[in-house]
2 protein chains.
Amino acid sequence: MTRDKLVQVAATLLDRGGEQAVTLRAVGHAAGLSHNAPYKHFRNRDALLAAVAIEDFEALTVAFTSVRSSPCSPKDKLLAALLSLVTFSREKPARYRLLFSAPSLAEANPELQARSAACLGEIVAMVDACKSVAELPDAPTKSLASLLLATVHGLVAMEANGILQPAKGLPTVEENLALMASLLSR
Amino acid sequence: MTRDKLVQVAATLLDRGGEQAVTLRAVGHAAGLSHNAPYKHFRNRDALLAAVAIEDFEALTVAFTSVRSSPCSPKDKLLAALLSLVTFSREKPARYRLLFSAPSLAEANPELQARSAACLGEIVAMVDACKSVAELPDAPTKSLASLLLATVHGLVAMEANGILQPAKGLPTVEENLALMASLLSR
DNA sequence: ACCTGAACACCGTTCAAGT
DNA sequence: ACCTGAACACCGTTCAAGT
């Protein structure tokens, strides 16, 4: 389908040249269509970017579901999920930013909000599993889940922004996460 | 000075209409100059935005220094500093995003990186003061400081992205920070 | 239903020229 | 030194028209 191809092309352009590389003209051309063919499938540029974000949230949710059914301990599952987010942010920074650092996109897009909620729901489920075997403190599940997700996002955002520089004696994202884990399991 | 006026105009436009409202033409016009006067003071648009970010980092650093010399307990100082970041992100979201969610800006701007490092340095100092009176766990100071800053940034980013919706039973930024504080002081 | 091409109103950026 | 105005190459978006 043309629509799917446009979304895929947009994702590729995001990975190759960042958000500024995603012009609707480039998307149309790379899909072998005219410069405004995208308008036959998306209301505007933001709607196309939101479609990319929705697909990525879906893929993350599927990946998290898969992690949940793996034979690891609850805590290892949770850590694996969080670390996969770190990997995603490093390999596809522009697309990652669409998910967690693009307020204007989510603002008027209920479906995108629903997908991010579903993704967070997977984290909530993993946190719940940890709590049931006492691998996490006895705080509200949703609080722990949002706090953990926020920590991961904050760390990768700071890393991307050059604030977390190992050269300046600052710990890496992984070291920070390990510290967070040790603080939680005291 | 014209340069300062351009930076101030850019900041005002950011607050009023977000990053997309900051066109160099609008900046020049709002400063009573021609559409390309900004080029006499800044290499390009990114350099102007970076100048705004640098001023904001400086102001934050000054505010943090002031908090440090207040008569509160070390822990209250740290919390006050972190909460002032939350306030900043809510009142001036576009400018806040320039500080912590604009990788392309910091990438080729050593001065901006230095200012963000100085700002983080204030947090480090406050964390150190907490540790010296045993109000924080005995983990490396820089690790605790970066972890705390990351948590705050992650929370306000998730809030801005509509992921932290109190309507869906999720805790507010403040509630999450209180949980983080309680986890640290166990 | 889906696509194209021309057109409009913008923008960042450059450059020659003014004082 | 600092600013202006014209110009260039883009872009998002709209619209009439094609199949």
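Quick note on labels: first sequence line is chain A, next is B, and so on, each numbered from 1. Predicted, not measured: the structure shown is a model, and the values here were computed from it.
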To the nearest angstrom, how far is B:Tyr39 atom OH from D:dA6 atom P?
18 Å

In whole Å, I'd like the distance from the CG atom of A:Leu48 to the C1' atom of D:dT13.
14 Å

Whichever of A:Ala26 and A:Arg43 has the more 5' nearest nucleotide on DNA chain D, that residue is A:Ala26

Which sits closer to the 5' end of DNA chain C, A:Asn36 or B:Asn44, going by the nucleotide each is nearest to?
A:Asn36

Please check if the number of heavy atoms outside A:Lys75 that lie under 6.0 Å from its NZ is greater than 12.
yes

Check: B:Arg115 side chain, B:Ala53 main-chain N or O, donor-acceptor pair, under 3.5 Å
no

Tell which nucleotide pairs with D:dG5, taking only Watson-Crick or G-U wobble pairs whose two distances are both under 3.5 angstrom.
C:dC15

Report yes if at least one side-chain N or O of A:Thr2 is closer than 4.0 Å to OP1 or OP2 of C:dC2; otherwise report no.
no

Do the side chains of A:Leu183 and B:Leu183 get nearer than 4.5 Å, heavy atoms only?
no

What's the NE2-P distance between B:His35 and C:dA9, to the nearest Å?
18 Å

For the pair made of NE2 in A:His29 and P in C:dT4, what is the distance, rounded to whole Å?
11 Å

Around B:Gln8, counting heavy atoms of other residues, nucleotides and ligands shown, do more than 12 lie under 6.0 Å from its CD?
no

Rounded distance in Å - CG (A:Leu33) to C1' (C:dA1)
14 Å

Which whole-number value in Å describes the distance from B:Lys40 NZ to C:dG12 C1'?
14 Å

For the pair made of CG in A:Leu13 and P in D:dC11, what is the distance, rounded to whole Å?
11 Å

Give a yes/no on whether any side-chain N or O of B:Thr23 is located under 4.0 angstrom from OP1 or OP2 of C:dC10.
no

I'd like to know if A:His41 reaches the base of C:dA1 with its side chain such that a donor and an acceptor end up less than 3.5 angstrom apart.
no

Measure from CZ on B:Phe42 to C1' on D:dA1 and round the result to the nearest Å.
16 Å

Under 4.0 angstrom, heavy atoms only, what part of the nucleic acid is A:Arg25 near: base, sugar-phosphate, or nothing?
base

Do B:Met126 and B:Leu79 sit in one hydrophobic cluster, given that two such residues count as connected whenever their side-chain heavy atoms are within less than 4.5 Å of each other, even indirectly?
no

